[in-house]
Amino acid sequence: MKILIINGPNLNMLGQREPGIYGSSSFDTFLPRLRERFPDVEIDYYQSNVEGFLIDKMQEANTSCDGIVLNAGAYTHTSIALQDCIRSLRVPVVEVHISNVHRREEFRHHSYISCACVGVICGFGLDSYRLAIEALTASPLS
């Protein structure tokens with residue numbers, strides 16, 4: 001099985017950006033531990049601050065992977081283009097957030113992409129990614 005993790009804007013700053021909310025570990029530090037936990041799963045990773053690049057990567061992954069774990073960052077709350085892209089894919093997408101967005105600012109309570117994803121996991125720190133991979137590997141999602 002092959003899963004692609006996609007992180008959106010500012011998530012390249014994990015470990016430096018608001019550690020009280022996002023923790024003190026970078027994703028580059030976390031990713032090897034995630035790969036160790038799932039030795040039978042090929043886990044690829046992509047991060048971009050550019051909305052169009054995220055869309056390009058998801059469209060490319062549509063034929064090259066079995067599932068996508070997507071943390072769209074702030075685009076979660078603004079991007080109908082990401083929603084349209086997710087709806088066009090044949091692979092399941094799980095929306096992930098490190099923080100519990102429902103305990104934060106009001107504008108973060110609405111996601112434009114949740115309705116197109118097979119599930120949403122938020123509030124468990126970087127462990128949210130592990131939970132998403134477990135969901136994708138447990139049974140076929142659609």
Side-chain angles (χ1 to χ4, degrees), residues 1-38 41-142:
M1 180 171 230
K2 183 174 181 180
I3 293 177
L4 174 63
I5 297 172
I6 299 177
N7 275 341
N10 299 309
L11 291 164
N12 57 312
M13 300 298 291
L14 287 175
Q16 303 169 42
R17 175 187 174 212
E18 299 180 87
I21 295 173
Y22 300 105
S24 57
S25 179
S26 71
F27 202 82
D28 289 335
T29 301
F30 175 70
L31 186 57
R33 293 187 307 212
L34 198 56
R35 287 179 172 146
E36 275 181 33
R37 182 155 187 142
F38 298 95
V41 178
E42 182 181 339
I43 300 173
D44 288 340
Y45 175 64
Y46 179 78
Q47 188 279 326
S48 178
N49 294 318
V50 180
E51 182 181 33
F53 293 170
L54 299 174
I55 291 168
D56 289 343
K57 194 64 172 181
M58 284 192 292
Q59 289 175 350
E60 178 185 303
N62 193 41
T63 58
S64 65
C65 74
D66 301 298
I68 297 172
V69 175
L70 173 63
N71 184 340
Y75 289 136
T76 300
H77 318 292
T78 63
S79 182
I80 294 168
L82 283 175
Q83 179 193 123
D84 287 346
C85 175
I86 295 165
R87 288 184 187 280
S88 74
L89 303 177
R90 68 159 184 79
V91 298
V93 178
V94 176
E95 177 184 348
V96 163
H97 299 283
I98 295 167
S99 67
N100 181 348
V101 293
H102 303 288
R103 296 186 76 190
R104 297 188 60 198
E105 304 92 340
E106 184 72 28
F107 72 88
R108 295 185 195 273
H109 297 184
H110 178 74
S111 168
Y112 278 97
I113 65 173
S114 292
C115 62
C117 293
V118 296
V120 179
I121 298 170
C122 70
F124 294 98
L126 291 175
D127 211 30
S128 295
Y129 293 89
R130 174 190 61 82
L131 295 168
I133 292 172
E134 285 180 1
L136 287 169
T137 58
S139 62
L141 299 172
S142 56

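Closest approach of C122 to S99, counting heavy atoms only: CB-O, 3.6 Å. Annotation for A81 and I55: closest pair CB-CD1, 3.8 Å, computed over non-hydrogen atoms. Nearest heavy atom pair, residue A132 against residue V96, reads CB-CG2, 3.6 Å. Contact record, C65 with L4: SG-CB, 4.3 Å, taken as the closest heavy-atom pair. Counting all heavy atoms, side chain and backbone alike, A72 lies closest to P9 at O-CD, 3.4 Å. Across all non-hydrogen atoms, the minimal contact from L31 to Y45 is CD2-CB, 3.6 Å.
Residues E95 and T76 have side chains that never bring a donor and an acceptor to within less than 3.5 angstrom of each other.
Atoms CE and CD1, from M1 and I43 in turn, are 10.5 Å apart once rounded to the nearest 0.5 Å. Here the NE2-OG distance, from H97 to S114, works out to 6.0 Å after rounding to the nearest 0.5 Å. If you take OG on S48 and CG on L11, they are separated by 11.0 Å, rounding to the nearest 0.5 Å. Interatomic distance, L82 CG to Y75 OH, rounded to the nearest 0.5 Å: 8.0 Å. Here the straight-line distance linking atom OG1 of T29 with atom CG of L34 works out to 12.5 Å at 0.5 Å rounding. A distance of 8.5 Å separates CD in Q83 from OG in S111, rounded to the nearest 0.5 Å.
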Working for side chain to side chain contact (heavy atoms under 4.5 Å, CB included), residues L70 and I86: CA-CA 10 Å; L70 173 63; I86 295 165; 3.7 Å; yes
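Using a 4.5 Å cut-off on side-chain heavy atoms (C-beta onward), F27 and I5 make contact. I98 is not listed as a side-chain neighbour of S128, based on a closest heavy-atom distance of 4.5 Å or more. In this structure, L131 and V94 have side chains that are not in contact, with every pair of non-hydrogen atoms separated by 4.5 Å or more.
Evaluation of the side-chain hydrogen bond (donor to acceptor under 3.5 Å, both in side chains) test over residues 57-73, restricted to residues two or more places apart or in two chains, returns K57-E60, N71-Y129. Annotation: salt bridge (Lys or Arg N to Asp or Glu O under 4.0 Å) contacts involving residues 113-127, sequence neighbours excluded, comprise D127-R130.
When atom types are taken as modelled, the side chain of Q47 and the backbone of I6 share no donor-acceptor pair closer than 3.5 angstrom. Side chain of N49 to main chain of N10: a donor-acceptor pair is present (N/O by atom type, distance under 3.5 Å, no hydrogens or angles).
Within 6.0 Å of CZ on F124 lie no more than 12 heavy atoms contributed by other residues, nucleotides or ligands.
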